Amino acid sequence: MTTSWQDPTAVNLMLDDLETWAVVGLSGDPSKTAYSIAELLQKRGKRIVPIHPDAPTVLGEQGYASLADVPFPIDVVDVFRRSEAAGQFADEAVAAGAKAVWFQLGVVDEAAFERTTAAGVAMVMDTCPAIEWRRRP
């Protein structure tokens, strides 16, 4: 079943075509995985938007306390939260009009996946942009 969570069409859409990535759980702590992935996204030409209750500025980008606070369109919502806390961010992404949702490695919420894809929003779970970029020829 996990292969459907990592549909190559959805992965390619996000990595190749979508530019503005809201990173849920991104703080200014460079030891955290969210920070290194946000840095990679920037190097790959993506605009990152930190989403964190403290709304920090990270990697030169203004942060916001919630997805609803972001005053411009978001393409991808990249979620760095535990599986049990991640589903609400998929729902908020749909409500905010995001085109896609990415749950990081180890983050799985089947019900959120069903709700999100049923709403017509592309979604992948349990993988990482760094891994997917490395898999490419």
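Bear in mind the structure is a predicted one, so any value in this text is a computation, not a measurement. When reading the values below, keep in mind they use all heavy atoms of this one structure, side chains included, and skip hydrogens, waters and symmetry mates. We number each residue from 1, following the sequence as shown.
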Drop me the distance from [X]'s [atom1] to [Y]'s [atom2], to the nearest 0.5 angstrom.
X	Y	atom1	atom2	value
Asp109	Gln88	CG	CD	11.0 Å
Glu114	Met123	CD	CE	10.0 Å
Leu59	Leu26	CG	CG	6.5 Å
Ile51	Arg81	CD1	CZ	12.0 Å
Ile37	Arg44	CD1	CZ	11.0 Å
Phe80	Cys128	CZ	SG	6.0 Å

Is the shortest side-chain heavy-atom distance between [X] and [Y] below 4.5 Å?
X	Y	value
Trp102	Val24	no
Val23	Pro50	no
Leu40	Trp133	yes

[X] and [Y]: same hydrophobic cluster, using ILVMFWY side-chain contacts below 4.5 Å?
X	Y	answer
Val77	Phe103	yes
Met14	Leu41	yes
Met125	Phe89	yes
Val124	Leu18	yes
Val94	Val79	yes

Is there a donor-acceptor contact under 3.5 Å from the side chain of [X] to the main chain of [Y]?
X	Y	answer
Gln104	Asp78	no
Thr116	Val121	no
Trp5	Phe113	no
Lys46	Leu15	yes

By salt bridge (Lys or Arg N to Asp or Glu O under 4.0 Å) - contacts of [X] (at least two apart):
X	result
Glu132	Arg135
Arg115	Asp91
Arg136	Asp16

Q) Can the positive tip of Arg47 be found less than 6.0 Å from the middle of the six-membered ring of Phe72, inside 45° of the ring normal? A) yes
Q: Given side chain to side chain donor-acceptor pair (under 3.5 Å), test Asn12 with Thr9 step by step and report yes or no.
A: CA-CA 5 Å; Asn12 291 337; Thr9 303; over 6 Å; no
Q: Determine, step by step, whether Val76 and Lys99 satisfy the side-chain contact (heavy atoms from CB on, under 4.5 Å) criterion, reporting the C-alpha distance in whole Å, the side-chain angles of both residues, the deciding distance to 0.1 Å, and the verdict.
A: CA-CA 6 Å; Val76 180; Lys99 296 175 182 151; over 6 Å; no
Q.
Can you give me the closest heavy-atom contact between Ser83 and Gly106, atom names plus distance?
A. OG-O, 3.3 Å
Q | Heavy-atom closest pair, residues Pro53 and Ala65 | A | O-CB, 3.9 Å
Q: Scan residues 17-32 for pairs that pass side chain to side chain donor-acceptor pair (under 3.5 Å), counting only residues two or more places apart or in two chains.
A: Asp29-Ser31
Q. In the hydrophobic clustering (ILVMFWY, side-chain contacts below 4.5 Å, transitive), which residues join Leu105, or is it alone?
A. Ile131
Q: Quick one: list whatever passes side chain to side chain donor-acceptor pair (under 3.5 Å) with Ser36, sequence neighbours left out.
A: none
